[in-house]
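Here's the structure, in structure tokens; my notes come after.
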Amino acid sequence: MSDEKESYGASSIKVLEGLEGVRKRPSMYIGSTGKEGLHHLVYEVVDNSVDECLAGVCNTIRITINKDGSVTVEDNGRGMPVDMHPVYKVSAMEVIVTKLHAGGKFDKQAYAVSGGLHGVGISVVAALSKKMTVEVMKEGKVYAQSYKIGIPIDKAKVIGDCEKGLTGTTVTFMPDDTIFSTTNFDFNTLAMRFREICFLNAGLKIIFKDENNGKKEEFHYEGGLVEFVKWLNKARAVLHKPIYFKKALPEVTAEVSIQYTDGYNEVIHGFVNTINTIEGGTHVAGFKTALTRVINDYSEAKGILKKGEKLQGEDVREGVTAIISLRLREPQFEGQTKTKLGNSEIKGQIDSLTTAALAEFFEENPSIANVIAKKASSALKAREAAKKARELVRRKNVLGGGGLPGKLADCSSNKKDQTELYIVEGQSAGGTAKGARDKEFQAILPLKGKILNVEKSNPSKALSSEEISNLITAMGAGVGEEFDINKLRYNKIIIMTDADVDGQHIKTLLLTLFYRYVPQLVEAGHIFVAVAPLFKIRKGSQDHYVYSEDELKKTMAKLGKGDVSRFKGLGEMNDSQLWDTTMNPKTRILKQVSIEDAVEADETFSILMGDAVEPRRKFIEENGQYAEVDL
Ligand code: 1YM
């Protein structure tokens with residue numbers, strides 16, 4: 001590392017572009033000017049510190065949300081360079097912060113970087129901040145400089161002394177509220193990301209505080225990916241200790257951890273330079289190919305498969321939890337959200353290194369290899385049974401005529417971009433909804449009651465259950481290999497349940513089904529939850545509907561006293577009440593369901609719907625909005 005230190009000089013900094021463009025088109029640099037873009041600012045600064053950690057010269061990062069709304073990030077790395085820049089004749093610090101693409105990092109061979117902006121992030125953050133201050137400790141001195149929207153307020157100068165051996169960088173920034181639609185940082189969103197960073201960088205410690213409410217979290221995992229996989233599986237019954245390997249090729253370093261559970265879900269998360277590649281890509285594809293090959297070869301060699309039997313990808317991935325983390329010099333990100341790795345050479349490289357490492361592990365750990373091979377071969381049998389069950393469902397539908405479930409009250413329009421399917425809890429509410437709806441574009445599917453918990457049942461059982469098979473048939477797009485989004489019969493799939501404990505539970509069961517079986521519908525934004533009113537206030541001959549206790553207080557204060565009645569369920573409303581409050585596109589409240597963070601969604605569903613009681617109790621205790629869910 002001392003090499004790096006010597007070779008760095010202010011002269012190696014290249015200057016490519018000014019900062020004006022960043023304020024003109026912030027979304028080009030940070031994705032959006034909403035909540036996500038705001039949080040991105042923090043990640044950009046933290047990425048600089050993580051890069052120091054990757055260089056092996058930093059082990060602790062402190063992040064604080066301050067009382068005034070600013071954020072401070074502090075690391076114990078080498079400290080940003082402060083020597084005089086030979087061309088600009090100002091401190092290197094000023095060049096790094098005020099010039100886009102200023103970074104010695106571009107010259108370095110095999111430079112490991114975190115994040116996506118190659119260390120230009122700090123100047124983007126400066127440009128989008130009302131104020132930013134950088135402090136550097138080096139050689140017994142503290143240097144500092146402040147900026148307003150990326151423009152220096154003063155010269156970089158020594159502001160004091162520090163202990164000789166102490167080094168590090170501290171950045172404090174106040175986001176510009178004329179750029180961002182919100183400037184409130186969310187503790188949990190940031191904490192989730194910091195936890196992920198620490199899992200992906202074994203040994204790194206992040207201490208995170210919010211001065212506004214005293215919240216504090218500390219992340220530090222000596223076991224890295226192995227602990228990541230254990231953490232993801234904490235509410236699942238695992239079949240063996242995690243498998244782990246790390247291999248360095250000239251162009252890429254890959255780290256993998258794998259652990260099977262007794263469940264049915266596939267949880268595979270890929271990361272490239274600590275970016276979560278939600279859309280997958282060549283690294284995940286290479287990994288999957290290798291997994292299928294190695295388990296097939298092993299099962300065949302040990303006689304676990306019958307002659308002629310072959311495991312498919314889905315068989316070997318049943319119940320798997322895996323993390324694939326890559327360090328790659330020139331990642332190409334593709335896809336709708338730029339979270340799909342595109343580098344084509346990576347697929348083969350990851351395939352062969354995984355094949356070699358996993359085959360070796362299987363040879364050395366036959367008891368684990370046997371457990372995995374047997375799990376995959378029983379998945380093969382279940383898949384064949386499920387296929388029969390699906391065929392049965394299809395035949396039944398064909399015989400039943402039309403192919404649609406009898407309980408479905410379909411709409412008449414076939415303009416697929418305008419139609420809606422309401423999934424309604426209970427026969428009586430279903431009846432009311434049928435009366436209330438606009439037949440032209442709204443279809444109703446009543447559910448008998450609670451659907452099967454798919455987190456706890458195998459696909460064959462889940463898909464042959466009447467309620468689930470009705471729902472899948474009504475939606476029209478199929479599941480698994482047969483899924484085809486073009487066959488989706490409705491633009492919006494709307495869950496409409498009572499605003500009580502049972503309703504919450506049914507909603508969670510349905511969301512689990514969608515997330516596990518048709519995640520494509522969630523990703524494409526087709527799934528919605530209708531918000532049902534809690535109270536009706538009658539004032540004179542006028543009815544007012546309110547959706548929360550809070551809103552009730554406010555409305556009562558505005559209207560004066562009325563005779564308030566609490567809705568026990570949707571079924572209690574008459575047709576026109578249900579239309580006004582929950583179904584009329586002009587007045588209803590719909591919440592679109594999205595997967596912001598796939599790791600978090602996996603965790604939530606496994607905890608809420610899985611077997612382990614303790615993590616669920618803890619989760620419900622810590623998450624107010626689920627406190628009412630009776631599981
Ligand atoms: C809280 C934010 O920016 N830390 C930080 C940044 C740099 C260095 C150390 C650093 C890097 C190198 C050499 C190198 C940066 N350096 C550059 C540039 N924390 C934070 N800590 N010496 C120090 O990469 O060779 C940009 S950022 F341009 F010098 F490379």
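Atoms within a ligand are numbered from 1 in the order they appear, just like the ligands themselves.
- Within the listing of ligand 1, atoms 1 (C), 2 (C) sit less than 4.0 angstrom from a heavy atom of V45.
- Considering backbone and side-chain atoms together, N48 places an N or O closer than 3.5 Å to an N or O of ligand 1.
- For ligand 1 and D75, the ligand atoms under 4.0 Å from any heavy atom of the residue are 1 (C), 2 (C), 4 (N), 19 (N), 20 (C).
- The ligand atoms of ligand 1 that sit less than 4.0 angstrom from a heavy atom of S49 are 1 (C), 2 (C), 19 (N).
- Ring geometry for Y221 against F199 counts as parallel: the plane angle stays under 30°, on a 0 to 90° scale with 60° as the upper cut.
- Between H269 and F271, the ring planes are tilted. Angles from 30° to 60° get that label.
- Ligand 1 places these atoms under 4.0 Å from at least one heavy atom of I96: 17 (C), 18 (C), 26 (C), 28 (F), 29 (F).
- Aromatic ring pairs are classed by plane angle as parallel below 30°, tilted from 30° to 60° and perpendicular above 60°; the pair Y260 and H240 is tilted.
- The parts of V73 lying near ligand 1 are both backbone and side chain, judged by heavy-atom distances below 4.0 Å.
- In this structure, of E52, R62, E44, the residue bringing a heavy atom nearest to atom 21 (N) of ligand 1 is E52.
- Residues L341 and I346 have side chains in contact (heavy-atom distance under 4.5 Å, counting atoms from C-beta outward).
- Shortest non-hydrogen contact noted between K216 and F187 is N-CZ, 4.1 Å.
- One option in K99, M93, R78 has a heavy atom closer to atom 11 (C) of ligand 1 than any other, and that option is R78.
- Taking only nitrogen or oxygen atoms, main chain and side chain alike, E74 does not reach within less than 3.5 Å of ligand 1.
- Rounded to the nearest 0.5 angstrom, E251 CD and R329 CZ are separated by 5.5 Å.
- A 4.5 Å side-chain heavy-atom check between K131 and I153 finds at least one atom pair inside the cut-off.
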